[in-house]
Engineer: 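Handing you this structure, nothing more for now.
Since this is a predicted model, take the numbers as computed values, not measurements.
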Amino acid sequence: MAGTWGRFNITALVLGFAFLYLPIVLLVIYSFNESQLVTVWAGFSTKWYAAMLSNRGLMDAAWVTARVALLSASVATVLGTMAAVALTRYTRFRGRLLFSGMVFAPLVMPEVITGLSLLLLFVAINFDRGFATVTIAHITFSMCFVAVVVQSRLLSFDQSLEEAALDLGATPVKAFFQVTLPVIFPAVIAGWMLAFTLSLDDLVIASFTSGPGATTLPMKIYSQVRLGVTPEINAVSTVLVGIVTVGVVIASLANKRRDVLKRRAEKLA
């Protein structure tokens, strides 16, 4: 009986991973297809990567997406960390329930509602849609994810370390930057990476808040896919998969190195 359940679990696991990753593998393979027909294999070629680089529309959209993601992730990380500190350290202040609800609302709010509400806001204040509005929108919905990640780390943080720094004469700001921030820094980086990935992936909110000259890569890909998938789209998607994979590997190696150094320091102590 135990062996039957073991085989069933392994089969379910294999099928689950195949369902998730087999389409990505096929996309990567067909990005090197010689044929212009994405479903017909005609030999190995890298010409579609060259065609992708020479496609001005795709490159402009990629540049806009990179700038929006970097800026929105950085600002969202700062604001999300501040919100997490406020919710963790100050458990009793007037309006805390309203503040926490406003911070975490984008987690459960449908993207269509978020995008539409931001669009109505920009129209009401007569704010021209473009790069700035897309960036503000991405900061708005990604900040809550950073707050959740950082808050979970702060809940397990030993506040006696910061109190010891205060007793030794450090100001609250200095104690935070020299004691608290280095401890929670992995969570801050994880929040930044999550916000960056969400910004790269967003289509719905960007569609509502973008304007002339602010077409993001997901919007560009979606507009082209509606007319038919081309090998250039496969090449762009493969590059995005590669970037995300490299980022995950670097973060994993950095985290592993940090754990090794921590264990080494504990042994020396």
Engineer: Of all the heavy-atom pairs spanning A214 and G130, show the shortest one and how long it is.
Structural biologist: CB-C, 3.5 Å

Engineer: CG of L58 to CG of L53: how many Å apart, nearest 0.5 Å?
Structural biologist: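 Result: 10.0 Å between the selected atoms.
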
Engineer: Tell me whether L161 is reachable from V150 by hopping between hydrophobic residues (I, L, V, M, F, W, Y) whose side-chain heavy atoms are closer than 4.5 Å.
Structural biologist: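 In one cluster: no.
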
Engineer: Going by heavy atoms in the side chains, are F131 and L71 under 4.5 Å from each other?
Structural biologist: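 When only atoms from C-beta onward are counted, L71 and F131 do touch, with a gap below 4.5 Å.
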
Engineer: Please report the closest heavy-atom contact between S199 and S72, naming both atoms and the distance.
Structural biologist: OG-OG, 3.5 Å

Engineer: OG1 of T81 to CD of Q151: how many Å apart, nearest 0.5 Å?
Structural biologist: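 Interatomic distance, T81 OG1 to Q151 CD, rounded to 0.5 Å: 11.5 Å.
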
Engineer: So do the side chains of L118 and T133 get within less than 4.5 Å of each other, counting heavy atoms only?
Structural biologist: no

Engineer: Passes side chain to side chain contact (heavy atoms under 4.5 Å, CB included), L70 versus W192? Steps please.
Structural biologist: CA-CA 9 Å; L70 288 171; W192 185 91; 3.9 Å; yes

Engineer: Going hydrophobic residue to hydrophobic residue with side-chain gaps under 4.5 angstrom, can you get from M52 over to I243?
Structural biologist: yes

Engineer: Following the transitive rule for hydrophobic clusters with a side-chain heavy-atom cut-off under 4.5 Å over Ile, Leu, Val, Met, Phe, Trp and Tyr, establish whether F17 and V241 coincide in one cluster.
Structural biologist: yes

Engineer: For F44, does the CZ atom have more than 12 heavy-atom neighbours from other residues, nucleotides or ligands under 6.0 Å away?
Structural biologist: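 Check passes, neighbour count above 12.
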
Engineer: Look at the aromatic rings of F122 and F127 and report parallel, tilted or perpendicular, splitting at 30° and 60°.
Structural biologist: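 Because their plane-to-plane angle lies in the 30° to 60° range, the rings of F122 and F127 count as tilted.
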
Engineer: So, do L200 and T65 sit near enough that their side-chain heavy atoms are less than 4.5 Å apart?
Structural biologist: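 With C-beta onward as the side chain, the pair touches.
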
Engineer: Decide yes or no for R89 and T180: does some side-chain heavy atom of the first lie under 4.5 Å from some side-chain heavy atom of the second?
Structural biologist: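 When only atoms from C-beta onward are counted, T180 and R89 do touch, with a gap below 4.5 Å.
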
Engineer: If you look at every heavy atom in E162 and F157, which pair is closest and at what distance?
Structural biologist: OE1-CE2, 4.1 Å

Engineer: Decide yes or no on side chain to side chain contact (heavy atoms under 4.5 Å, CB included) for M143 and T140, but give the supporting numbers first.
Structural biologist: CA-CA 6 Å; M143 181 185 70; T140 301; over 6 Å; no

Engineer: Is the ring pair H138/F141 parallel, tilted or perpendicular, if the boundaries are 30 and 60 degrees?
Structural biologist: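 Rings of H138 and F141: perpendicular, as their planes differ by over 60°.
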
Engineer: Go through it in stages, so that I can follow the logic: the residues are N126 and V123, the test is side chain to side chain contact (heavy atoms under 4.5 Å, CB included), and I'd like the CA-CA distance, side-chain angles, deciding distance and then a yes or no.
Structural biologist: CA-CA 5 Å; N126 197 24; V123 171; over 6 Å; no

Engineer: For the residue pair V149 and F145, establish whether any side-chain heavy-atom pair is separated by less than 4.5 Å.
Structural biologist: no

Engineer: Under 4.5 Å between side-chain heavy atoms, hopping through other hydrophobics if needed: is there a path connecting L13 to L20?
Structural biologist: yes

Engineer: Which atoms form the tightest heavy-atom contact between E232 and W48, and what is the distance?
Structural biologist: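 Closest pair (atom of E232, atom of W48, distance): CG-CE3, 4.1 Å.
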
Engineer: Nearest 0.5 Å please: distance from the CG atom of N234 over to the OH atom of Y49.
Structural biologist: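 Those atoms lie 8.0 Å apart.
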
Engineer: As an exercise, state the distance from CG of L203 to NZ of K220, rounded to the nearest 0.5 Å.
Structural biologist: 14.0 Å

Engineer: I'd like to check F176 versus V85 (side-chain heavy atoms, cut-off strictly below 4.5 Å). Are they in contact?
Structural biologist: yes

Engineer: If I compare all heavy atoms of A206 with all of T216, which pair ends up nearest, and what's the gap?
Structural biologist: CB-OG1, 4.1 Å

Engineer: Which distance, rounded to the nearest 0.5 Å, do you find between the CE of M102 and the CG of L98?
Structural biologist: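 Between atom CE of M102 and atom CG of L98 there are 6.0 Å.
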
Engineer: How long is the span from the OG atom in S237 to the CG atom in L217, to the nearest 0.5 Å?
Structural biologist: 8.0 Å

Engineer: For a 4.5 angstrom cut-off between non-hydrogen side-chain atoms, does E111 reach D202?
Structural biologist: yes

Engineer: Evaluate the side chain to side chain contact (heavy atoms under 4.5 Å, CB included) criterion for residues V146 and L79: first the C-alpha distance (whole Å), next the side-chain angles of each, then the deciding distance (0.1 Å), finally the verdict.
Structural biologist: CA-CA 8 Å; V146 179; L79 296 178; over 6 Å; no

Engineer: So does K174 have more than 12 non-hydrogen atoms from other groups sitting under 6.0 Å from NZ?
Structural biologist: no

Engineer: Show the nearest heavy-atom pair for residues A137 and I205, with the distance to one decimal.
Structural biologist: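 Closest pair (atom of A137, atom of I205, distance): CB-CG2, 3.6 Å.
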
Engineer: Linking I/L/V/M/F/W/Y whenever any side-chain heavy atoms sit under 4.5 Å apart, do W63 and M59 land together?
Structural biologist: no

Engineer: So do F99 and L87 actually touch side chain to side chain, heavy atoms under 4.5 Å?
Structural biologist: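 Heavy-atom side-chain distance check passes, below 4.5 Å.
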
